[in-house]
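One structure is given here, and the rest of the page talks about it.
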Amino acid sequence: MENSLDPNIVKGKIVVCDRGSSPRVAKGLVVKKAGGVGMILANGISNGEGLVGDAHLLPACAVGANEGDAIKKYISSSANPTATLDFKGTILGIKPAPVVASFSARGPNGLNPQILKPDLIAPGVNILAAWTDAVGPTGLDSDTRRTEFNILSGTSMACPHVSGAAALLKSAHPDWSPAAVRSAMMTTATVLDNRNQPMIDEATGNSSAPYDFGAGHLNLGRAMDPGLVYDITNNDYVNFLCGIGYGPKVIQVITRSPESCPARRPSPENLNYPSFVAMFPVSSKGVASKTFIRTATNVGPANSVYRVSVEAPASGVTVTVKPSRLVFSEAVKKRSYVVTVAADTRNLKLGQSGAVFGSLSWTDGNHVVRSPVVVTQIEPL
């Protein structure tokens, strides 16, 4: 990086740099030290079309992998290539939005594949955020600029959005547990963009899926009034830990109280989570099925009737729900139901992600309580 450019060649030029893995702002510093007047930072294939704003030390712009390839082709084919960096300011109404960032963490859940991860996604790209005056906006020692705000991206930006949303939900519903708050955010999350089409994955340019966005993109307005929530008690978590192989002594380290596991090992899939992951062994040949039990708690109007609708993950996969109607009243706040996912593993065609995806929704005509359904095949450990 340092001193990697020849000032005799770079001076007065706009330099095209590959985004690579080293700090983006540091590349601009090297260009500036060599006498360059600007930089075009081009993504590689791993970053796709995902662009991240930075407080560069010289005029700079970032371009996606396709545009980067086009620029490089122009440079190599032109005897005297020229460029202009034209700053347009803030542009509103961009479509499509939201999109899944190329650097966003993806599923499946490596530790417990029975639980879908991520839970959901939230704004985390090019966020206007408070900034310390202890360092410049690039974080580089040579950056003497000071500012109260910066443009930042990453989990460090998405997490505060979700944390703030959770705090507002807890303030509006003080009796809700953390699991109920999470459920409200997940079951009301948005899976369509502002074109009313499936969200795009910036890394590939293709439609995204629950392994990319979980239950969807956070929608706080809807989460305030989710209709139903999936609550989880401490005992539910203990049974889940028992189900994935932890013993009472290890679980006690977490709970800080004596625990015991049921004589019959609990099914980890029955944790009352707002999503469903049906895992079938790779060795399975023929029709196999997986059963889930869920309990919904009514947090909307007391006298409500919810009916189920299912978007099947793929041909050869059937999802049945019993009962297909949940009736709530002043006296009955909770209702349980059973989901059975059956798949003909001989004809099950999994996508590039190794899974197929669908959804299960409960609606009373006003609320839609949606849960993603994932069907996959894995080799048991």
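Side chains are part of it too, since the values below use all heavy atoms of this structure and drop only hydrogens, waters and symmetry mates. The shown structure was predicted, so the numbers you read here are calculated from the model rather than taken from an experiment.
Look at Lys249 and Glu259 and you find no salt bridge, because none of the NZ, NE, NH1 or NH2 atoms lies under 4.0 Å from a carboxylate O. Residues Lys285 and Asp344 are not paired through a salt bridge, judged by the lack of any N-O separation under 4.0 Å between the basic side chain and the carboxylate. Between Arg106 and Asp212 there is a salt bridge, since at least one side-chain N of the basic residue sits less than 4.0 Å from a carboxylate O of the acidic one.
The two residues Pro137 and Asn150 have their closest heavy-atom pair at O-ND2, 2.8 Å. Contact detail for Ala179 and Ile232: the closest heavy-atom pair is CB-N, 3.6 Å. Closest approach of Ala34 and Leu5 over heavy atoms only: CB-CB, 3.9 Å. What you find for Val338 and Thr291 is that their closest heavy atoms are CG1-CG2, 3.4 Å. The heavy-atom pair separating Gly68 from Ala42 by the smallest distance is CA-CB, 3.9 Å. Contact record, Ala129 with Met157: CB-SD, 3.7 Å, taken as the closest heavy-atom pair.
A donor atom on one side chain and an acceptor atom on the other are found under 3.5 Å apart for Thr297 and Lys334. A donor and an acceptor atom, one from each side chain of Asn43 and Arg19, are located under 3.5 Å apart. Side chains of Ser177 and Asp231: a donor-acceptor N/O pair is present below 3.5 angstrom, by distance only. For the 3.5 Å distance criterion, the side chains of Asn303 and Ser329 fail to qualify, holding no donor opposite an acceptor.
Contact annotation: the side chain of Pro123 approaches that of His217 to within less than 4.5 Å [non-hydrogen atoms, C-beta and beyond]. Under the 4.5 Å side-chain criterion, counting only non-hydrogen atoms from C-beta, Val277 is not in contact with Gln114. Between Val317 and Val341, the closest side-chain pair of non-hydrogen atoms falls below 4.5 Å. Val37 is not listed as a side-chain neighbour of Leu58, based on a closest heavy-atom distance of 4.5 Å or more. With a 4.5 Å cut-off on side-chain heavy atoms, Ile251 and Cys261 count as touching. Using a 4.5 Å heavy-atom cutoff, the side chains of Met279 and Gln377 are not in contact. Using a 4.5 Å cut-off on side-chain heavy atoms (C-beta onward), Pro372 and Leu116 make contact. Proximity of Phe276 to Ser359: side-chain heavy atoms (C-beta onward) are nowhere separated by under 4.5 Å.
Hydrophobic clustering places Val375 together with Val339 (ILVMFWY residues linked when any side-chain heavy atoms are closer than 4.5 Å, directly or through intermediates). Grouping the Ile, Leu, Val, Met, Phe, Trp and Tyr side chains by contacts below 4.5 angstrom, directly or via other members, places Val10 apart from Ile14. Residues Phe292 and Val319 fall within the same hydrophobic cluster, defined by Ile, Leu, Val, Met, Phe, Trp and Tyr side chains chained together at heavy-atom separations under 4.5 Å. Linking ILVMFWY side-chain heavy atoms closer than 4.5 Å, directly or via other members, places Tyr211 and Met186 in two distinct hydrophobic clusters.
Heavy atoms of other residues, nucleotides or ligands lying less than 6.0 angstrom from CG of Asn109 number more than 12. Taking a 6.0 Å sphere around OH of Tyr246, one finds it holds 12 or fewer heavy atoms contributed by other residues, nucleotides or ligands. Heavy-atom contacts from other residues, nucleotides or ligands closer than 6.0 Å to NZ of Lys11 number 12 or fewer. Heavy-atom neighbours of Arg325 CZ from other residues, nucleotides or ligands within 6.0 Å: at or below the threshold of 12. The neighbour count for Ile45 CD1, taken as heavy atoms of other residues, nucleotides or ligands under 6.0 Å away, does not exceed 12. Other residues, nucleotides and ligands contribute more than 12 heavy atoms inside 6.0 Å of the CG atom of Asp175.
Looking at Asn47, its side chain never comes within 3.5 Å of a backbone N or O of Gly50 through a donor-acceptor pair. Checked by atom type and distance alone, the side chain of Glu49 pairs as donor or acceptor with a backbone atom of Asn66 at under 3.5 Å. For Arg265 (side chain) and Gly243 (main-chain N/O), a donor-acceptor pair under 3.5 Å exists by modelled atom type. A donor-acceptor pair is defined here as one N or O able to donate and one able to accept, closer than 3.5 Å; such a pair exists between the side chain of Ser77 and the backbone of Tyr74. Between the side chain of Lys333 and the main chain of Phe328, no donor-acceptor pair closer than 3.5 Å is present. Judged purely by atom type and a 3.5 angstrom limit, Asp143 uses its side chain to pair as donor or acceptor with the backbone of Thr138. Looking only at distances, no side-chain donor or acceptor of Ser78 sits under 3.5 Å from a matching main-chain atom of Ile75. Proximity of a side-chain donor or acceptor of Asp201 to a complementary backbone N or O of Ala203 within less than 3.5 Å is detected. A donor-acceptor pair is defined here as one N or O able to donate and one able to accept, closer than 3.5 Å; no such pair exists between the side chain of Asn234 and the backbone of Tyr237. A side-chain donor-acceptor contact under 3.5 Å links Asn219 to the backbone of Arg222.
Relative ring orientation between Tyr337 and Tyr230 is described as perpendicular, the plane-to-plane angle rising above 60° on a 0-90° scale split at 30° and 60°.
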- Evaluation steps, side chain to side chain contact (heavy atoms under 4.5 Å, CB included), between Lys117 and Asp119: CA-CA 5 Å; Lys117 291 297 173 180; Asp119 286 336; 3.0 Å; yes
- Check the pair Ile378 / Phe280 against side chain to side chain contact (heavy atoms under 4.5 Å, CB included), numbers first and verdict last. CA-CA 6 Å; Ile378 65 166; Phe280 299 106; over 6 Å; no
- Apply the test side chain to side chain contact (heavy atoms under 4.5 Å, CB included) to residues His367 and Tyr306: give CA-CA distance (whole Å), side-chain angles for both, the deciding distance (0.1 Å), then the verdict. CA-CA 9 Å; His367 305 90; Tyr306 283 82; 3.5 Å; yes
- Query: Between Leu140 and Val25, does a side chain to side chain contact (heavy atoms under 4.5 Å, CB included) hold up when you go through it step by step?
  - Reply: CA-CA 8 Å; Leu140 299 174; Val25 290; 4.1 Å; yes
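One distance of note links CG of Asn126 with OG of Ser153; it measures 4.0 Å at 0.5 Å rounding. Separating the CG atom in Leu41 from the NZ atom in Lys27 is a distance of 7.0 Å, to the nearest 0.5 Å. Interatomic distance, CD of Gln252 versus CG of Leu241, reported as 13.0 Å (0.5 Å rounding).
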Please set out all donor-acceptor pairs under 3.5 angstrom arising from side-chain atoms of residues 83-96, sequence neighbours excluded.
unit_1, atom_1, unit_2, atom_2, d
Asp86, OD2, Lys88, NZ, 3.4

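Taking the ring axis of Tyr273 as reference, the NZ or CZ atom of Arg294 does not stay both within 45° of it and closer than 6.0 Å to the ring centre.
Using a 4.5 Å cut-off between side-chain heavy atoms of Ile, Leu, Val, Met, Phe, Trp and Tyr, Val100 falls into a hydrophobic cluster with Ile121, Val191, Leu192, Met199, Phe213.
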